[in-house]
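To find a chain, count down the sequence lines: A is the first, B the second, and so on, and within it residues start at 1.
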Protein chains: 2
Amino acid sequence: MKTHEIIIVDDHLLFARSLASLVDSYNEYTVKYTFQNGSELVDKLAAGMALPAIILLDVKMPVMDGIATMKWLKKYQPDAKVLALSMEDDEKTILNMLRNGAKGYLLKDIQPSLLKKALDTVLEQGYFHTEQVANTLMKSLNDDSKKKERIQLKENEIRFIKLACEEKTYKEIADEMFLSPKTIDGYRQHLFDILNVKNRIGLVMYAIKNGIVEV
Amino acid sequence: MKTHEIIIVDDHLLFARSLASLVDSYNEYTVKYTFQNGSELVDKLAAGMALPAIILLDVKMPVMDGIATMKWLKKYQPDAKVLALSMEDDEKTILNMLRNGAKGYLLKDIQPSLLKKALDTVLEQGYFHTEQVANTLMKSLNDDSKKKERIQLKENEIRFIKLACEEKTYKEIADEMFLSPKTIDGYRQHLFDILNVKNRIGLVMYAIKNGIVEV
DNA sequence: TTAAACAAGAGGAAAAACCCTGTTTTTAAA
DNA sequence: TTTAAAAACAGGGTTTTTCCTCTTGTTTAA
């Protein structure tokens with residue numbers, strides 16, 4: 001029976017080696033290579049190496065870390081199946097890896113048996129996540145909807161911002177809000193000042209970053 | 001021992017009733033009210049009714065549906081703990097409910113025993129999600145990172161768009177790209193045409209929706 | 001090889017966005 | 001009841017954006 005090829009990318013040699021022997025102990029999987037950082041992997045892939053079934057990718061590495069590697073893979077090898085490995089369950093990092101196409105996020109302190117399940121699940125379903133990571137994910141969805149309004153905006157200002165994110169002129173916005181264009185101009189200027197932006201583009205980006213408008 | 005109060009909001013009376021008796025059968029929980037739509041709930045809350053421990057909220061309802069209700073709650077009762085109930089596992093809806101603060105998303109065809117676990121978990125951890133929903137969540141994270149570039153854009157056009165999402169004038173963008181402002185103007189016009197947007201705001205929104213720029 | 005498509009760029013002009021300094025009216029607070 | 005801040009609005013000027021048409025040189029495809 002043909003086994004699935006695995007590549008391990010991790011700068012901690014000891015860990016990488018033991019992980020490799022663990023993976024090799026499964027009948028269905030074989031470790032093809034272990035690399036010490038992202039750019040070793042990228043080099044080989046760029047040189048024409050075929051994608052393995054799954055890449056186990058450490059997040060924190062010197063030279064080219066997990067996130068940089070994911071970005072490269074997303075662009076040039078979007079079909080790569082990557083399981084991220086990490087010491088810490090930092091929310092931002094998890095999101096970043098997953099958003100860039102990682103199929104799952106494993107903490108390094110998981111039960112070895114879980115690794116097998118993770119590999120199997122990724123091949124079958126395309127995704128794998130632990131309870132813990134899923135929780136973090138859920139939380140993040142909510143947090144950013146809460147951490148809104150660090151600067152308290154008035155009802156009308158928010159209405160204005162939302163309209164400013166559409167393809168409308170200020171004149172049209174004024175009509176829609178039943179206010180004079182000059183008042184709208186005042187809103188605009190005031191918001192530029194308090195939000196520290198230079199033009200309407202900045203206002204739109206602020207609105208998106210702070211969840212005032214849905215993307 | 002004091003039980004946790006539950007409110008059920010569902011327009012299907014038969015379902016609501018049986019759900020209520022199921023919840024009441026747990027020692028730790030008591031159904032306080034059942035409402036037939038979101039606005040009944042909102043009315044009571046607006047009139048000063050205290051929040052229950054958990055609200056079980058149907059997604060598809062007449063008058064005021066789950067999403068509208070979540071939006072109201074997010075604004076006026078952000079501490080409400082809501083478990084969404086739904087017949088279908090539509091990706092958009094799930095995201096929408098969770099983004100608006102739902103603590104979990106239960107499909108109506110789950111095992112009754114899972115409901116108990118869901119209630120317990122929400123109270124303990126703040127969140128509950130089934131395997132299935134978590135999967136949907138993961139998938140959505142990735143799908144939108146892939147569905148990029150439906151319209152094939154040139155390297156330079158993408159560079160321009162990215163800069164157009166910053167607070168720069170076209171003159172500044174031209175300098176940065178070592179091109180004449182008139183060439184930049186050409187890029188702009190061409191992109192407006194092919195992307196079907198009316199102004200730079202539309203361009204920025206397109207860029208964000210299609211993952212050309214990170215938010 | 002000739003025509004078509006394309007990229008870079010120019011001129012000119014109207015529309016929209018931006019900026020500053022004011023006045024009047026409302027609203028809220030002392 | 002007086003005062004003061006905030007909201008609505010105006011005038012008027014500068015800059016940027018947007019739109020249209022046109023030229024020139026380069027690839028590309030028939």
| remark: note: B:K171, atom NZ; C:dA10, atom P; distance rounded to Å ~ 12 Å
| task | Can you figure out which of C:dA17, D:dG12, D:dT18 approaches the side chain of A:T169 most closely? | result | C:dA17
| message | side chain to side chain donor-acceptor pair (under 3.5 Å) for B:D120 and B:Y26? Distances and angles first, verdict last. | response | CA-CA 11 Å; B:D120 292 346; B:Y26 307 141; over 6 Å; no
| field | Toward the 5' end of DNA chain C, by each residue's nearest nucleotide, B:G186 or A:K198 | value | B:G186
| request: Have a look at A:K154 and say if it touches a base, only the backbone sugar-phosphate, or nothing, with a 4.0 Å heavy-atom cut-off. | output: sugar-phosphate
| said: If you compare all heavy atoms of B:R200 against all heavy atoms of B:E166, which two are closest, and at what distance to 0.1 Å? | reply: NH2-O, 2.9 Å
| Among A:L98, A:N96, A:V82, the one residue meeting side chain to side chain contact (heavy atoms under 4.5 Å, CB included) with A:M70 | A:V82
| task | Answer with base, sugar-phosphate or nothing: what part of the nucleic acid does B:R200 contact at a heavy-atom distance below 4.0 Å? | result | sugar-phosphate
| task | Answer with base, sugar-phosphate or nothing: what part of the nucleic acid does A:N156 contact at a heavy-atom distance below 4.0 Å? | result | sugar-phosphate
| remark: In whole angstroms, the gap separating C1' of D:dT16 from CD1 of B:I173 amounts to 12 Å
| message | Quick check: on DNA chain D, is the nucleotide nearest A:P181 upstream (toward 5') of the one nearest A:H190, or the reverse? Name the residue that is more 5'. | response | A:H190
| note | Rounded to whole Å, the NZ-P distance (A:K182 to D:dG13) equals 11 Å
| request: With heavy atoms under 4.0 Å as the rule, sort B:N199 into base, sugar-phosphate or nothing. | output: sugar-phosphate
| field | Polar contact flag, side-chain donor to acceptor under 3.5 angstrom, A:Q36-A:H12 | value | no
| Separation of D:dT14 P from A:Q189 CD (nearest whole Å) | 17 Å
| message | Distance check needed: D:dT18 P versus B:N196 CG, whole Å only. | response | 15 Å
| For atom CD of B:E157 and atom P of C:dA7, their distance in whole Å | 7 Å
| field | Protein-nucleotide distance (B:F160, atom CZ; C:dA8, atom P), rounded to Å | value | 13 Å
| field | Check: C:dC18 base within 3.5 Å donor-acceptor of A:D185 side chain | value | no
| field | Minimum-distance nucleotide to B:L179 side chain [options: D:dC9, D:dC19, C:dA8] | value | C:dA8
| query | In whole angstrom, what separates B:E167's CD from C:dC18's P? | reply | 10 Å
| message | Within the 4.0 Å heavy-atom criterion, would you say B:Y187 contacts the bases, only the backbone, or no part of the nucleic acid? | response | sugar-phosphate
| query | Taking the side chain of A:S180 as heavy atoms from C-beta outward, which of D:dT18, D:dC9, C:dA10 is closest to it? | reply | D:dC9
| said: Please pick, from D:dC9, C:dC19, D:dA7, the nucleotide with the shortest atom-to-atom distance to any side-chain atom of A:T183. | reply: D:dC9
| message | Would you say B:Y187 and B:N156 are linked by a side-chain donor-acceptor pair, where the criterion is simply a distance under 3.5 Å? | response | yes
